There are 2 protein chains.
Amino acid sequence: MSIEITIKLNKNLYLRDPQSSKLGQRIIKDSIVLIDKIGLEAYNFKKLAIQIGSTEASIYRYFENKHVLLIYLVSWYWEWISYLIDMRTMNIESAARRLKIIIKILAHASKNDPAISYVDQDVLHRLIIAEGTKAYHTKAVDSENQKGFFLNYKQLTDKIGKVILEINPKFAYPNALASNLFEMANNHCYFAQHLPRLTDVNVEGDDFSEVEIMLRYFAFTLIGKPNEAR
Amino acid sequence: MSIEITIKLNKNLYLRDPQSSKLGQRIIKDSIVLIDKIGLEAYNFKKLAIQIGSTEASIYRYFENKHVLLIYLVSWYWEWISYLIDMRTMNIESAARRLKIIIKILAHASKNDPAISYVDQDVLHRLIIAEGTKAYHTKAVDSENQKGFFLNYKQLTDKIGKVILEINPKFAYPNALASNLFEMANNHCYFAQHLPRLTDVNVEGDDFSEVEIMLRYFAFTLIGKPNEAR
DNA sequence: CACAAAATAATAGTATTACTATTATTTTTT
DNA sequence: AAAAAATAATAGTAATACTATTATTTTGTG
């Protein structure tokens, strides 16, 4: 017996719910692994079909195309981070302490949560770092936004922004700082590994603690409670 | 009579120097316009060839593929920003004043400089905002990095980082802040226009002054000279 | 200015990609 | 056990991302 947590996403993101069947779950699971392995540009439904022993046509009955599938994966990540924040900040009075926990989650994306078996969260984290922003950097942002494709990111930003405002109700840029912490977390993990001159932090293996420390310094210095900065 | 400024880029970025011929210059000029218009994904050398009344094969003699061409355009932008920084901060003693000028340049990417006729800088700025990060978010980052494809970004980061250190030699994250100011400038222009809930700034038309004010606030608060923050 | 060399254009062709359609087979539901 | 739904197998199309070949035009040099 075990608890399965299911992340529910906007119905516009898929044609058939991939969580509702074995094949659907394999599409998600193996897409994450395959995109991580060969990159979004080289990835396609043909290769995925071969990987999971199915056919292109069957995959197309779940997702319109690989771009929407990417948005599905990214949304899944946004929603999962949101869930982790709720779990781990529950019952904590101090907003500053809650923000520290949030920053830890953003930087480490946490180790695999066995409650969600059909997604390898570490690999997904790598994928988000490498390909995440492509989800919303597209000519169709506005129409996709109208369909609610980016709602999970907005809600996550709201959530973090509200904690920031709790710490300092006069802070002028709660949402900008919130989304920037998310973007920075991903960017500086990537920079440390591939373009180290663009950052000052080191990442050894999957130890992102320097990123976490930097984000904490940035956040608390900006919000203006210097005594909380450590 | 007039002065023409030419931006020289890493020779690995092209097969034949596009600045050396009419056709090459049209490839650059029209690529910027076409990518801005239809987006990087829909853009290809066939459409570009039709646009400039040439052929695919001719374009392939200048650039290996559209990805490398994108890196060329982004490098051009990085180098141009570097040039603008040099020009406009020349002879200014105060590092803080120099940083303010840098932030203004990052946010506005300046209006068209008639000294460079074959690139529409406003359109290029839009392109960088929308597609810029795709240049280095690719499976081949490491090998492309070795070929020096991202040198201009690193040099720009260095340059800004040094000014930051001049203001506060004890600041621990000069390069991270530098690259983050660059990324934030682009991101928040984009967010304000397409995903406003991810930011707190407004952008009306091409007036990015709120982005500039926010970046100034972030930078000077972090660097730690609060009296300079305005 | 004439000729060689280089660049470009025209044309054609290939393998892969991003799909759609049709029908057969298997699985699920009732 | 029959009906409905999902999947697999197969085939096909238009577009993409190139490469190759040859003809034509432009440019550079003696």
Side-chain angles (χ1 to χ4, degrees), chain A residues 11-31 34-35 37-73 118 131 134-135 138-140 143-144 149, chain B residues 11-31 34-35 37-73 118 131 134-135 138-140 143-144 149:
Chain A
K11 285 190 162 80
N12 291 323
L13 287 170
Y14 49 78
L15 303 170
R16 182 183 305 271
D17 184 359
Q19 303 201 58
S20 69
S21 74
K22 275 257 164 64
L23 180 61
Q25 289 179 214
R26 295 218 65 189
I27 290 172
I28 300 304
K29 194 185 178 76
D30 287 66
S31 281
L34 193 56
I35 296 173
K37 190 170 161 200
I38 66 177
L40 185 68
E41 279 69 35
Y43 162 92
N44 61 44
F45 284 178
K46 184 85 183 273
K47 289 175 187 166
L48 177 62
I50 292 166
Q51 173 92 359
I52 64 185
S54 180
T55 62
E56 259 184 293
S58 298
I59 295 166
Y60 273 107
R61 309 183 90 246
Y62 283 84
F63 290 100
E64 221 178 305
N65 53 52
K66 76 170 174 179
H67 178 242
V68 180
L69 187 141
L70 176 68
I71 299 176
Y72 182 96
L73 297 178
Y118 64 96
E131 318 276 10
K134 293 174 190 171
T138 161
K139 219 47 198 174
S143 67
E144 290 178 347
F149 282 16
Chain B
K11 286 192 163 77
N12 291 323
L13 287 171
Y14 48 78
L15 304 171
R16 183 183 303 272
D17 184 358
Q19 304 202 56
S20 69
S21 74
K22 274 259 163 65
L23 180 62
Q25 288 178 216
R26 292 217 67 188
I27 289 172
I28 300 305
K29 193 185 177 74
D30 286 66
S31 281
L34 192 57
I35 296 173
K37 190 171 161 197
I38 66 178
L40 185 67
E41 280 68 37
Y43 163 92
N44 62 43
F45 283 0
K46 184 84 181 276
K47 288 175 188 166
L48 177 63
I50 292 166
Q51 173 92 1
I52 64 184
S54 179
T55 63
E56 258 184 292
S58 297
I59 295 166
Y60 273 106
R61 312 184 87 245
Y62 282 84
F63 290 100
E64 223 180 304
N65 54 51
K66 77 171 174 180
H67 177 242
V68 180
L69 188 141
L70 175 69
I71 299 176
Y72 182 95
L73 296 178
Y118 63 96
E131 319 275 9
K134 292 173 190 171
T138 160
K139 218 48 198 174
S143 67
E144 291 179 346
F149 282 16

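All values derive from a computational prediction rather than experimental measurement. Below, read A as the first sequence line, B as the second, and so on, with proteins coming before strands; counting in each chain starts at 1.
Side-chain atoms of A:Y62 lie closest to D:dA6 of the nucleotides D:dA6, D:dA17, D:dT10. Checked against C:dA18, C:dA9, D:dC18, the side chain of B:Y60 finds its nearest nucleotide in D:dC18. Minimum atom distance to the side chain of A:L23 is reached by D:dT7, of the listed D:dT7, D:dA17, C:dA18. Comparing C:dT11, D:dA8, D:dC18 against the side chain of B:A57 picks out C:dT11 as the nearest. For A:T55, taking side-chain heavy atoms from C-beta onward, the closest of the listed nucleotides D:dT16, D:dA8, C:dA18 is D:dA8. Which of D:dT7, D:dT10, C:dC19 sits closest to the side chain of A:N65 comes down to C:dC19. In the set C:dA9, D:dA17, D:dA8, D:dA8 carries the atom at the smallest distance from any side-chain atom of A:S54.
In this entry the distance linking CD1 of B:I50 with C1' of D:dA15 reads 12 Å, nearest Å. What separates CG of B:L69 from P of D:dC18 is a distance of 12 Å, to the nearest Å. Counting to the nearest Å, the P atom of C:dT16 and the CD1 atom of A:I38 are 14 Å from each other. Rounded to an integer number of Å, the gap from A:F45 CZ to D:dT7 C1' is 16 Å. Put simply, CD1 on A:I52 is 12 Å from P on D:dA9, counting in whole angstrom units.
B:F63 comes within contact range of no nucleotide atom at all, as no heavy-atom separation falls under 4.0 Å. Across all strands, B:K47 comes closer than 4.0 Å only to sugar-phosphate atoms, never to a base (heavy-atom distances). Heavy atoms of A:R61 sit under 4.0 angstrom from at least one base atom.
In this model, the phosphate group of C:dT8 is approached by a side-chain N or O of B:S21 to a distance below 4.0 Å at OP1 or OP2.
The pair A:E41-B:K134 fails the salt-bridge criterion, with no side-chain N (NZ, NE, NH1 or NH2) lying under 4.0 Å from an Asp/Glu carboxylate O.
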